[in-house]
2 protein chains.
Amino acid sequence: MSSTVTKALSLLEFFSEDEPELGLSDLARRSGMDKAAVHRMLGSMAESGLVEQQADSRLYRLGAGVLRLARVRETAFPVSAMMQPILLRLSTETGETAHASLISGRALANIATCESKKGSRVSLVAGEVLPYHSTASGLAALAYADDKLLDRVLSAPREARTRFTLTERDDILTRIEVVRANGFSESDQAHEEDVHGLAAPLFDRSGRACGAVSVSTPSHRMTAEQRQLSIAAVLRAAEDITAGLGGQRPRGYADQVAGLLASGPRD
Amino acid sequence: MSSTVTKALSLLEFFSEDEPELGLSDLARRSGMDKAAVHRMLGSMAESGLVEQQADSRLYRLGAGVLRLARVRETAFPVSAMMQPILLRLSTETGETAHASLISGRALANIATCESKKGSRVSLVAGEVLPYHSTASGLAALAYADDKLLDRVLSAPREARTRFTLTERDDILTRIEVVRANGFSESDQAHEEDVHGLAAPLFDRSGRACGAVSVSTPSHRMTAEQRQLSIAAVLRAAEDITAGLGGQRPRGYADQVAGLLASGPRD
DNA sequence: CCCTGTGGTGTTATATTATCAACACTGGTG
DNA sequence: CACCAGTGTTGATAATATAACACCACAGGG
């Protein structure tokens, strides 16, 4: 819970596409930890190459070590590479931005994206950490993941990203039930203003959710027709990615989804 | 030095392309740490998504978090993508396997590779951690890096990979002098049997080495002609990658290298 | 049925870590 | 020019998380 390792690694969350370099005091302020402690932690992580310090500006950034680790994992389990063409197809079919995320500890890690070609599109921050409660992807994963994950999420503080974000425990639980009844999750402007999300769960070998694939559409552009089309496309993408992961959908889920698609406007 | 964070992160070094999944006892044995300690560390790193535990086999592997971190870094500082075409050219020009590495804490992290098309070629493990003292890349980086790095390497234990590996302090220092005199480094079978390495340093904005680019040739195939050709190609690749990094070669180095190429058989 | 291996879990002495303070340095401002 | 607010860094001590040890439950061979 409050181990030094966890605290040190939590510092990595603050590095993003928008702020790839951060100073010591800045990191200490955001993490709420002491400057000296943060300094030692960054020093330790720099020894391992997870972060590196710019010699002149003294700013810290993610190090070459993360590239190496990603290469090792991607060589052994090529998930990003496998997802990319499926996301491309999903984005082309729907005309919108698609992305896939995997359960990564306490949060959902955005692993691969394919942006829409349209001028007006949902653009998302590469490698963003997605909360479970405020995103369609998060709810899709949560609904089919291990129950312990749901407990952990419900017992942790939840940030209200917009006025539509579900933060109450009971609201989230009923929403989870809706997701289970549908086989996919839907979320309008709960994470970002004017963004509508449709997501379907990804499964691992054990039949538990290990992530989610999602389509993000500008809210004003989400018509009933577009919605049906997107649901079908997302479910198919999820099926293909799950297969690519060597995963297995739980009993009943495949039939539920198949019935959903048959009854829809797409034949 | 012996902080818990460093010890925990050192566990990540044991995951490789060949052994992407490791058990708890195995990791404890290799790291020389207590099982209970390793268990807690892995738990902490799992919370952050750096590692994940297979539900059925209970084995640990690198987690989705490393993919996310790599994406964040690569989006902000696209080095791998920039290196790839240059490595392709280097590999094509020499007909051998090329790779680039960056200084990553106490070791050199292999970031990008391009394997030779020949049936008999040097094949290297993706994302391998390269020691400074036993590889051409390591010696090239060491010769032009911050002096503190050289001190740290010289004061740490050095493994003898082959019977040609330099482990003695004085031998390494004289070799470093040779590298500085040449502007590139050469190493025959010091890291791997039957592998000849030629490497040139990469520089950052401050003019200090931040990595190296290298060509690995089967020793028996390294003729005087091939050697001249490879030296020129590696130096040119290093120049281009340094430029792509926004780096600056130190005073004198550019002239030294230019003179080297002019006097060589390639006009 | 032992025996050896595995992953995992307690408990206490110990050693690391958090905290606070002060330091040197920088850049901007009155 | 001195001041101020900011930075990164380094010591000291007090508090606490950690390491070590033993132990447990389980799985697979011999």
Side-chain angles (χ1 to χ4, degrees), chain A residues 1-15 19-48 50-63 105-106 146-149 151-152 204-206 208, chain B residues 1-12 14-15 19-48 50-63 105 146-149 151-152 204-206 208:
Chain A
M1 188 68 121
S2 65
S3 74
T4 351
V5 179
T6 305
K7 279 183 278 189
L9 295 180
S10 73
L11 294 172
L12 300 176
E13 309 264 324
F14 296 105
F15 295 93
E19 297 180 293
E21 294 183 315
L22 295 169
L24 172 61
S25 299
D26 205 358
L27 281 167
R29 222 177 300 109
R30 298 195 198 202
S31 64
M33 297 188 288
D34 191 85
K35 247 196 322 185
V38 173
H39 184 250
R40 275 184 309 99
M41 289 170 183
L42 287 170
S44 299
M45 291 196 285
E47 277 190 68
S48 313
L50 234 53
V51 301
E52 56 193 27
Q53 188 177 26
Q54 206 75 337
D56 45 357
S57 67
R58 323 239 85 175
L59 294 177
Y60 293 87
R61 65 178 184 187
L62 295 176
R106 269 194 303 255
D146 196 278
D147 285 337
K148 280 182 289 192
L149 182 62
D151 291 341
R152 282 220 304 268
D204 60 17
R205 274 200 299 279
S206 67
R208 275 188 290 270
Chain B
M1 190 67 121
S2 65
S3 76
T4 4
V5 178
T6 305
K7 279 183 275 188
L9 295 179
S10 74
L11 293 172
L12 300 176
F14 296 106
F15 295 93
E19 297 180 294
E21 294 182 315
L22 295 169
L24 172 61
S25 298
D26 206 357
L27 282 167
R29 219 177 303 109
R30 299 195 196 201
S31 64
M33 295 190 286
D34 192 84
K35 250 198 315 187
V38 173
H39 184 250
R40 274 185 308 98
M41 290 170 182
L42 287 170
S44 300
M45 290 195 285
E47 277 190 70
S48 313
L50 234 55
V51 301
E52 59 194 22
Q53 188 177 26
Q54 204 75 338
D56 44 356
S57 67
R58 325 237 85 176
L59 294 178
Y60 294 88
R61 64 178 186 188
L62 295 176
D146 195 277
D147 285 337
K148 280 183 288 192
L149 182 63
D151 291 340
R152 281 221 305 269
D204 61 17
R205 274 200 297 278
S206 67
R208 274 188 290 268

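When the side chain to side chain contact (heavy atoms under 4.5 Å, CB included) test is applied to A:A46, the partners found at least two apart in sequence or on another chain are A:V51. With sequence neighbours left out, A:R40 forms a salt bridge (Lys or Arg N to Asp or Glu O under 4.0 Å) with no residue at all. Applying the side chain to side chain contact (heavy atoms under 4.5 Å, CB included) test to A:R205 and every residue at least two apart in sequence or in another chain returns B:Q54, B:D56. Take A:T4 and apply the side chain to side chain contact (heavy atoms under 4.5 Å, CB included) test, not counting sequence neighbours, and it matches A:M41, B:T4. Partners of A:E52 by salt bridge (Lys or Arg N to Asp or Glu O under 4.0 Å), not counting sequence neighbours, listed by chain and number: A:R61, B:R73. In this structure A:E21 satisfies the side-chain hydrogen bond (donor to acceptor under 3.5 Å, both in side chains) test with no other residue, sequence neighbours excluded. For A:E19, the salt bridge (Lys or Arg N to Asp or Glu O under 4.0 Å) partners two or more places apart in sequence, or in a different chain, are A:R30.
Under a 3.5 Å cut-off, the side chain of B:E47 and the backbone N or O of A:G105 do not form any donor-acceptor pair.
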Detail all sub-3.5 Å separations between protein N/O atoms and N/O atoms belonging to nucleotides 14-17 of chain C.
| unit_1 | atom_1 | unit_2 | atom_2 | d |
| --- | --- | --- | --- | --- |
| C:dT17 | OP1 | B:T4 | N | 2.6 |
| C:dT17 | OP1 | B:T4 | OG1 | 2.4 |

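A:L11 contributes atom CG, which lies 6.0 Å from atom CG of A:L27 (distance to the nearest 0.5 angstrom). Atom CZ of B:F14 is separated from atom CG of B:L22 by 9.0 Å, given to the nearest 0.5 angstrom.
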| field | Pair B:R29-B:D26, salt bridge (charged side-chain N to carboxylate O under 4.0 Å, His left out): steps then yes or no | value | CA-CA 5 Å; B:R29 219 177 303 109; B:D26 206 357; 3.3 Å; yes

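Of the residues in residues 20-37 of chain B, B:G23, B:L24, B:S25, B:R29, B:K35, B:A36 come within less than 4.0 Å of DNA chain C through at least one heavy atom, sorted by number.
Between B:H39 and C:dG7 there is no side-chain polar atom (N or O) within less than 4.0 angstrom of OP1 or OP2.
In the 5' to 3' direction, nucleotides of DNA chain D lying under 4.0 Å from heavy atoms of chain B begin and end at D:dT18 to D:dC21.
Within the helix from C:dC1-D:dG30 to C:dA18-D:dT13, the inter-axis angle between the opening and closing five-pair segments is 20°, rounded to 10°.
Residues B:S48 and A:L9 share a closest heavy-atom pair of OG-CB, 3.4 Å.
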